[in-house]
Amino acid sequence: MKTRVAGLLFGIGFGFWLCWAGFTRYEVILGALRFRDPYLWMMFGTAVVTATLGLRLLRRSRATTFLDRQPVTWSPVPVQRAHLVGSAIFGVGWAVAGTCPGPVAAQLGHGQLAALFTGAGIWLGIWLRGRVVARELIDGGEPAAADGAPARAPRPSPGACAEA
Amino acid sequence: MQFFAEQCPFYLAGILMGLLVVGMRWTGNLHLGALGSFVATQGFIARPTGAPSWRVLFLVGTAGGGLLYGLAAGDLHPTFANAGFEAVFGAGLATKMVILGSAGLLIGFGARMAGGCTSGHGICGVAQLSPGSVVSTATFVGTAIVVANLVLPLFARGS
């Protein structure tokens with residue numbers, strides 16, 4: 001329960017931040033990609049430095065999590081083909097739409113209704129990918145879950161911290 | 001509040017995002033990734049057994065944050081309009097439906113295949129120096145830059 005509350009609160013912070021930083025605006029994203037507006041890159045650099053330092057500090061000080069007193073930790077993920085192919089496909093969509101999953105959710109809350117179209121596309125794309133994986137599983141001889149959702153990934157999940 | 005109506009200074013936005021990533025990990029080794037939250041939400045809607053996971057609540061919260069911002073900045077005016085997008089592709093609901101829907105499809109499919117998006121791989125994964133995330137980020141940034149600069153101007157009205 002506490003984790004769910006934490007998730008909700010962090011989500012609210014994330015959504016608020018996305019709007020305040022301007023990432024729910026098409027021109028901010030495309031401005032960055034077309035090298036007319038450096039904001040995104042400068043924010044990104046600052047964020048990565050902050051997060052890297054903070055995470056290092058936590059791990060070095062053997063910090064434990066508030067919710068379950070486990071050591072704060074993460075595991076690096078080796079590069080896989082799916083990272084490259086998937087990211088290339090994602091990059092195309094990102095440049096065309098000028099948005100991505102997080103900002104789409106924030107846009108919906110913010111009343112930017114065109115995000116309904118982007119969101120529907122993302123929803124379908126996620127679902128289709130799930131179907132593709134399921135079919136690979138069936139061809140590989142492993143049973144998929146009864147409702148068609150993939151039972152298990154055929155190889156280790158490519159997510160840094162297993163997204164899917 | 002005029003304070004929130006202005007774009008947050010980049011260094012503050014960066015520090016806040018960094019602290020958000022660190023805060024989530026410190027709280028419960030929670031991974032900040034929007035794509036994962038979409039996947040979790042879709043999974044929950046398909047099979048709503050038990051309570052929704054924290055990732056579902058995170059997605060709900062993200063939308064809620066957008067709403068909260070709208071109230072704080074005083075710009076909560078629901079509309080299908082999108083000035084930046086329209087300047088490139090033209091106005092028209094059908095245009096938005098087709099282009100945003102198709103682009104969304106690529107975003108959802110590709111990001112799930114890669115196991116993450118700009119938040120999960122780009123910020124969280126890179127901060128963890130995870131090779132998969134670094135390569136993913138370089139790939140989607142590089143691809144997006146190519147598309148934005150070489151492909152879009154061919155098809156779009158504006159530049």
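Aromatic rings from A:W17 and A:F23 are positioned such that their centres are separated by under 6.0 Å.
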Q | Full working for side-chain contact (heavy atoms from CB on, under 4.5 Å) between B:M113 and A:H83 | A | CA-CA 7 Å; B:M113 186 179 185; A:H83 286 123; over 6 Å; no
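Judged as a ring-ring contact (aromatic ring centres under 6.0 Å, His included), and not counting sequence neighbours, A:W123 has no contacts.
Proximity to chain B (any heavy atom under 4.5 Å) is restricted, for A:R56, to the side chain, taken from C-beta onward. With a threshold of 4.5 angstrom between heavy atoms, A:L84 approaches chain B through its backbone and through its side chain. If you measure heavy-atom distances from A:V28 to chain B, the contacts under 4.5 Å come from the side chain alone. Proximity to chain A (any heavy atom under 4.5 Å) is restricted, for B:A72, to the side chain, taken from C-beta onward. Proximity to chain B (any heavy atom under 4.5 Å) is restricted, for A:L18, to the side chain, taken from C-beta onward.
Each of A:L55, A:L108, A:V48 has some count of heavy-atom pairs under 4.5 Å with chain B, and the biggest count is that of A:L55. The most heavy-atom pairs under 4.5 Å with chain B, out of A:G102, A:G22, A:A6, A:A21, come from A:A21. Here A:Y39 is the residue among A:Y39, A:W94, A:F14 with the most heavy-atom pairs under 4.5 Å with chain B. Of the listed residues A:E27, A:M42, A:Q112, A:R25, the one with more heavy-atom pairs under 4.5 angstrom with chain B than any other is A:M42.
The 12-atom threshold is not exceeded at OH of B:Y11, counting heavy atoms of other residues, nucleotides or ligands nearer than 6.0 Å.
Across all their heavy atoms, A:L33 and B:A144 have their closest contact at CD2-CB, 3.8 Å.
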